[in-house]
Amino acid sequence: MRISLPADFRYDEVLLYLNRNAQEPLHAVDAERRTVTKAFRGQRGPLLVRIAMAADGELDVAFPLAEPDETERAAAAHYIAEWLDLGRDLAPFYRLAENDPILRKVVPRYRGMRIVGVGDLFEALAWAIAGQQISLHVAYGLKKRLVEAYGDPVAFEGRDYWLFPEAARIAGLAEEELQALKFTRSKAAYLLGVAKLMDAGELSKSSLLAEGDLAAMERRLTAIRGVGKWTANYAVMRCLRHPDAFPLADVGLHNALKLVLGLDSKPSLAEIERWAESWAGWRAYATFYLWRALTPS
DNA sequence: GTCCAGGATACTG
DNA sequence: CAGTATCATGGA
């Protein structure tokens, strides 16, 4: 199957981003063959896709495990388009960045990079909660243990491509079972709370999207115990895909600004908020591009 | 040993 | 209302 790509799209950036975590359980990047292999939940069961760049510049999508039917092909196309944010017109962001004293230092270098999404709201929130305050390295460990304990494996070529645990599965656990995976008491409680809320149907991606504007989504999410402004905006950025979601308290953002601006200490939240005023409408993309500056090459 | 990681909450003055 | 202690693991 083929997927046509928008004008500004850089596949190398997808590979680089998805290859940050050497022990990633949810997908695999083959750097030499330039492929990404990933399983996701379809209506009739798990689907495994392997994407690659075709010679003609389109995205090639293979289904190495089982031949999909028409519904499944459509689901995969939709999933990938949302995952890689293929539908977004980045031209307004690039125009904005050209005239911004901070973004102009970063954005042109990575033109074509799109925010890689997390389709599942429970996964996005769980990942954000796991990542609160600790290093990415530790957060990756938490995620891997959670996925391999309670997720669902799809075996192919001698390894497992895991499906992230469903909220219903986590909702039935005791806090101690999450603590055994090295979640702190607080994080275990937060994650259980979110899982129960979603399992009860009181929180879903569609109901959140129906809120419409960013402020309303943030209000609903921050009403949940353990979900502060950072977590809410992170989840909205990665899952709901609002281009203006802004994880202001993000340490990576602070470090990126320090690096890009050549500061000798991290800027204050008030300063960042002021700079970001001119990024209005695109603060999620501004953040993603600034994060990129922290990665070599 | 100390500091800090892609924060949130409860508590204090 | 603004500061501060606490969480709790792992790498530098």
Side-chain angles (χ1 to χ4, degrees), chain A residues 13 16-24 26 106 110 113 115-118 121 123-149 175-197 203 218-242 244-260 263-273 275-276 279 283-296:
Chain A
E13 293 295 337
L16 188 67
Y17 184 79
L18 291 176
N19 208 16
R20 295 172 306 162
N21 173 15
Q23 39 163 12
E24 173 62 56
L26 299 177
V106 182
Y110 311 118
M113 180 177 71
I115 297 177
V116 177
V118 175
L121 179 63
E123 180 186 338
L125 283 169
W127 170 236
I129 288 168
Q132 288 172 0
Q133 201 265 337
I134 54 175
S135 64
L136 274 176
H137 177 82
V138 176
Y140 285 138
L142 288 174
K143 180 173 89 165
K144 182 176 165 65
R145 286 188 291 276
L146 181 71
V147 166
E148 294 183 351
E175 269 184 39
E176 292 72 23
E177 295 177 276
L178 293 174
Q179 287 179 53
L181 306 178
K182 299 188 179 179
F183 281 73
T184 63
R185 273 195 299 280
S186 308
K187 285 187 182 180
Y190 300 164
L191 184 58
L192 268 180
V194 169
K196 286 176 178 169
L197 213 53
L203 173 69
E218 187 184 307
R219 268 198 305 279
R220 269 198 60 190
L221 285 169
T222 53
I224 301 166
R225 181 178 160 75
V227 180
K229 292 187 76 171
W230 178 86
T231 304
N233 278 273
Y234 184 90
V236 171
M237 169 183 177
R238 297 291 306 283
C239 182
L240 287 305
R241 290 203 154 288
H242 196 298
D244 202 31
F246 189 44
L248 172 65
D250 189 85
V251 174
L253 175 67
H254 307 166
N255 287 332
L257 286 165
K258 176 172 179 276
L259 175 71
V260 169
L263 310 173
D264 38 78
S265 63
K266 289 190 280 192
S268 71
L269 297 182
E271 280 178 300
I272 299 171
E273 219 163 10
W275 297 334
W279 309 340
R283 279 176 276 224
Y285 258 91
T287 301
F288 203 74
Y289 273 70
L290 282 162
W291 281 342
R292 175 63 181 84
L294 294 171
T295 305

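Naming: A, B, ... by sequence-line order, numbering from 1 per chain.
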Minimum heavy-atom distance [X]-[Y], with the two atoms named:
X	Y	answer
A:K182	A:L142	O-CD2, 3.2 Å
A:H254	A:L248	NE2-O, 2.8 Å
A:A232	A:L221	CB-CB, 3.7 Å
A:A245	A:V236	CB-CG1, 3.8 Å
A:Q132	A:K187	O-NZ, 2.8 Å

On a whole-Å scale, what distance lies between the [atom1] atoms belonging to [N] and [M]?
N	M	atom1	result
C:dG11	B:dA8	C1'	23 Å
B:dT2	C:dA5	P	16 Å
B:dC11	C:dA8	P	16 Å
C:dT4	B:dC3	P	16 Å

* Evaluation steps, side chain to side chain contact (heavy atoms under 4.5 Å, CB included), between A:L178 and A:L146 -> CA-CA 8 Å; A:L178 293 174; A:L146 181 71; 3.7 Å; yes
Send over the distance from [X] [atom1] to [N] [atom2], rounded to a whole Å.
X	N	atom1	atom2	result
A:L191	B:dG7	CG	P	17 Å
A:F183	B:dG7	CZ	P	15 Å
A:L253	B:dA5	CG	P	13 Å
A:H254	B:dC4	NE2	C1'	14 Å

* Asked: Between A:F246 and A:W230, does the ring centre distance come in under 6.0 Å?
  ->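 That pair fails the under 6.0 Å test.
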* Asked: Mind checking whether A:F288 and A:Y17 have ring centres under 6.0 Å apart?
  ->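 For A:F288 and A:Y17, the ring centres are under 6.0 Å apart.
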* Enumerate the residues from residues 125-144 of chain A whose closest heavy atom to DNA chain B is under 4.0 Å, giving them by residue number; use none for an empty result. =>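 A:G131, A:Q132, A:Q133, A:I134, A:S135, A:L136 - these, ordered by number, are the residues of the stretch whose heavy atoms sit under 4.0 Å from the strand.
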Side-chain donor/acceptor of [X] to backbone N/O of [Y], under 3.5 Å:
X	Y	result
A:R238	A:A124	no
A:Y289	A:M113	yes
A:E24	A:N21	no

* To do: Assign A:K229 to base, sugar-phosphate, or nothing according to its heavy-atom contacts below 4.0 angstrom with the strands shown.
  =>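 If one applies the 4.0 Å heavy-atom cut-off, A:K229 turns out to touch the sugar-phosphate alone, with no base involved.
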* To do: Name the nucleic acid region contacted by A:R20, choosing base, sugar-phosphate or nothing; use a 4.0 angstrom heavy-atom cut-off, strictly under.
  =>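 Base, at least one base heavy atom under 4.0 Å.
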* For DNA chain C, which nucleotides open and close the run of contacts to chain A, 5' to 3', at under 4.0 angstrom from a non-hydrogen atom? ->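 For DNA chain C, the relevant span reads C:dC7 to C:dG11.
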* To do: Treat a base pair as Watson-Crick or G-U wobble with both distances under 3.5 Å, then lay out DNA chain B in dot-bracket form, 5' to 3', with | for cross-strand pairs.
  => .|||..|||||||
